[in-house]
Amino acid sequence: MHAANPIALDVVDIECLRGDALIFEHLSFSVSAGRVVQILGANGSGKTSLLRMLSGLATPTAGDILWHGEPIRESARFHEQLIYQGISVGFSVSLTVRENLEYALAIAARGAQASTARALARVGLTRYHGTLFGRLSSGQRQRVALARLLLVPAQIWLLDEPLTALDRAGKELLEEMLLGHVESSGIALVATHQPLGIPPGYLQTLDMDRRTAC
Amino acid sequence: MLNPALVAPRPASFAILRREMLRLYRRRGQLIQPPLFFVLVAVLFPFAIGGDEHLLRALAPATVWISVLLATTLSLEDIFRSDQEDGSLEQLVLMAKSLPGACALKALAHWLSTPAPLIAMAALMSSVHDLEADTRSALLISLVLGTPVFSLVGTIGSALTVGVRGGALLLALLILPLYIPVLIFGAGAVRNATLSTATGSEYFFLAGLSVLAATLAPFATAAGLRARLS
Amino acid sequence: MIKTLHKYASPMHFHAVARAWSAPLLWLAAALFLAGLVGGLVLAPADYQQGESFRIIYVHVPSAWLSMFAYLVMAGAGATSLIWRVKLMDAIARAAAPLGASFTALALATGSLWGKPMWGTWWVWDARLTSELLLLLLYLGYMALQSAIDDRRAAARAGAVLAVVGVVNIPIIHYSVEWWSTLHQPATITRLGAPAMATSMLIPLLLMALAFQLLFFALLFIRVRSELLEFEQRASWVREILRQARSR
Amino acid sequence: MSSALREFFAMGGYGAFVWSSYGLTALLLVGNLVLALRRERRVLRELSMRASVGAEHDAA
């Protein structure tokens with residue numbers, strides 16, 4: 001077990017309501033730097049809601065989420081270190097792959113000068129740089145999302161079902177990227193049912209069902 | 001009085017505008033729809049009012065302004081709808097350095113995609129109908145000064161109703177009362193021009209409303225987006 | 001100061017205050033209504049110009065005032081909830097909207113009833129009435145937005161943005177309608193203005209205004225109570241209230 | 001006495017307008033009160049039903 005780094009992300013007793021339906025309550029866990037958290041749970045158990053709360057898009061109806069002790073709502077540092085990838089990966093269908101990636105890089109404006117060509121090469125989509133995003137298969141779309149992870153520097157990755165349409169090579173690529181990310185003391189929270197090939201030392205699991213039951 | 005938050009770092013704001021223009025270019029076939037809709041609505045009025053040339057000429061300012069207002073209102077829903085569907089709205093809210101700045105650029109892109117072609121069409125139509133020179137110039141000046149409010153306030157409504165079922169009708173209910181001052185001063189300016197009484201005061205009001213909308217609306221749009229996505 | 005403010009802003013505490021105060025407020029408002037009605041309908045002399053129809057002023061002016069006051073409450077509560085995320089304010093804003101809408105409708109109806117003898121028609125594009133009509137549209141827009149969004153908290157936040165945008169626009173709408181109505185309104189139509197008031201006419205107006213205001217707060221308290229129960233339905237204090245309600 | 005009363009209701013010929021204004025006001029204010037109180041009762045009933053269902057669910 002690696003030396004326990006200081007707690008980076010601390011989720012304290014949060015509750016999630018959708019309308020009047022309780023999704024989960026009294027959910028607490030903490031993540032130290034250099035960890036991948038695999039979020040398991042049945043459909044509707046709140047995996048996506050949890051990730052949206054961690055991203056700051058949604059606010060928990062109770063409890064708090066702290067980044068290095070500071071509530072994420074007030075922490076600009078947290079948001080500058082974050083990438084959130086929802087189930088719909090967030091690229092415009094009427095723009096080409098390269099235009100989408102250049103746009104994502106530009107609006108984040110995190111000073112990275114990485115080249116989209118190299119990122120596309122790494123995810124094996126070089127030939128598709130000029131293709132409209134709308135014409136890609138869902139597997140290729142998730143690969144473009146992986147290219148964004150390579151391009152936009154971020155210490156925190158929030159990935160919602162990033163593997164669903166990826167083939168075996170794609171899955172291995174993501175696992176390789178995740179390993180590289182946590183080895184440079186990054187944090188990743190990944191909602192997926194598929195087993196992640198991450199060495200146990202770096203892997204932490206959070207089962208949404210077991211938590212709400214107790 | 002340049003609002004710092006609005007001047008997002010140059011590359012980001014340029015990238016947002018570039019993206020909107022690219023998307024506009026990619027569906028340039030649809031660019032003709034607002035002007036066509038405008039002509040269609042404008043053509044309806046004579047059928048309703050009757051062929052009396054004098055009456056139609058007197059009502060020309062109202063016809064043009066109401067047609068522009070309706071055509072703009074109908075196009076507002078598209079500002080955020082496709083972004084919300086493909087998830088890029090979430091990326092914009094999370095990643096944009098200055099969300100109000102991005103919303104201001106979204107409103108600018110909408111103005112270029114709908115009101116601008118409408119003003120061109122209005123100019124064309126008013127020359128076809130050979131309105132007097134000063135009426136035509138009053139019409140174009142008032143449209144240019146007033147329609148930014150349509151886009152800016154419309155973007156707030158579009159943000160508040162993104163992803164809502166029956167959003168277009170709700171959007172119209174939310175923003176039409178806010179469009180009425182522009183309609184009053186816009187059509188008023190043209191009407192005064194036809195009666196050749198002193199215009200000018202209306203232009204100042206229209207310009208004032210546009211400047212107020214330009215500085216405040218983006219912040220309301222940003223808050224609206226965060227509220228809708230929460 | 002913030003600490004005490006926070007204590008009062010807690011939903012549980014406000015619910016208790018609202019429950020305690022609504023009945024006395026209602027009784028006080030009823031008493032003031034009685035005094036105002038006697039003063040306004042019986043004691044006050046008829047207006048030399050408008051005759052007895054001026055007595056409609058005693059319901060029109062207070063409801064017109066409350067139609068504006070309720071929107072200010074909505075926008076103030078909305079802005080507070082947007083800036084400091086105070087849950088109570090969401091409940092107050094949502095509770096104030098239907099009240100504001102009904103007072104606006106009342107102001108419109110009594111205004112048109114008051115104007116009918118003078119104008120000969122039920123509706124004239126008088127600046128004040130037109131502004132009230134647009135204010136009613138703002139309320140209806142707010143309430144439509146609330147019902148279109150399922151999640152109560154997200155609806156309240158979106159409504160807060162709309163209320164703040166609305167309150168910025170109200171003076172603009174009012175001024176442009178004034179400018180517009182002076183253009184086309186022939187001088188003959190006397191504007192809907194309150195006539196010069198003798199004190200015996202003025203006192204009932206103040207009594208009625210106070211009665212309306214207290215009634216507004218009482219109604220607001222009652223509505224806020226049910227909003228708070230819905231917002232905080234999982235909280236222990238709500239379960240306690242439900243338990244008491246069930247045992248009664 | 002009755003002529004004074006009749007005169008009072010006539011309101012100098014404006015009786016229709018004055019009394020309909022006041023009637024409308026009374027209707028609206030009392031209506032608001034009744035609706036508000038009835039809504040509170042409905043909310044209490046709904047929530048306690050939902051809470052008791054919740055209670056059985058937790059107990060089961």
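No hydrogens, no waters, no symmetry mates; every other heavy atom, side chains included, goes into these values.
Taking the centre of each ring, C:F103 and C:F69 stay at or above the 6.0 Å mark.
When C:A245, C:A218, C:S102 are compared by the number of non-hydrogen pairs under 4.5 Å with chain D, C:S102 comes out ahead. Per-residue counts of heavy-atom pairs under 4.5 Å with chain D were compared for C:L229, C:L37, C:V238, C:I241; the largest is that of C:L229. Comparing C:R239, C:E227, C:R243, C:R234 by heavy-atom pairs within less than 4.5 Å of chain D, the highest count is held by C:E227. Comparing D:V18, D:T25, D:L27, D:L35 by how many heavy-atom pairs each has under 4.5 Å with chain C, the most go to D:T25. Taking D:E40, D:R42, D:E46, D:R45 one by one and counting their heavy-atom pairs under 4.5 Å with chain C, the maximum is reached by D:E40.
If you measure heavy-atom distances from D:L28 to chain C, the contacts under 4.5 Å come from the side chain alone. With a threshold of 4.5 angstrom between heavy atoms, D:F8 approaches chain C through side-chain atoms but not through N, CA, C or O. Neither the backbone nor the side chain of C:F216 comes within less than 4.5 Å of any heavy atom in chain D.
Ion pairing between C:E132 and C:R128 fails under the 4.0 Å rule for side-chain N and carboxylate O.
Checking C:R223, C:M89, C:R152 one by one against C:R94, the side chain to side chain contact (heavy atoms under 4.5 Å, CB included) holds for a single residue, C:R152.
One finds the CG atom of C:L106 at 6.0 Å from the CZ atom of C:F212 (value rounded to the nearest 0.5 Å).
If you check the side chains of C:R55 and D:S21, you find no donor sitting under 3.5 Å from an acceptor.
In the displayed structure, C:M143 atom CE is contacted under 6.0 Å by more than 12 heavy atoms of other residues, nucleotides or ligands.
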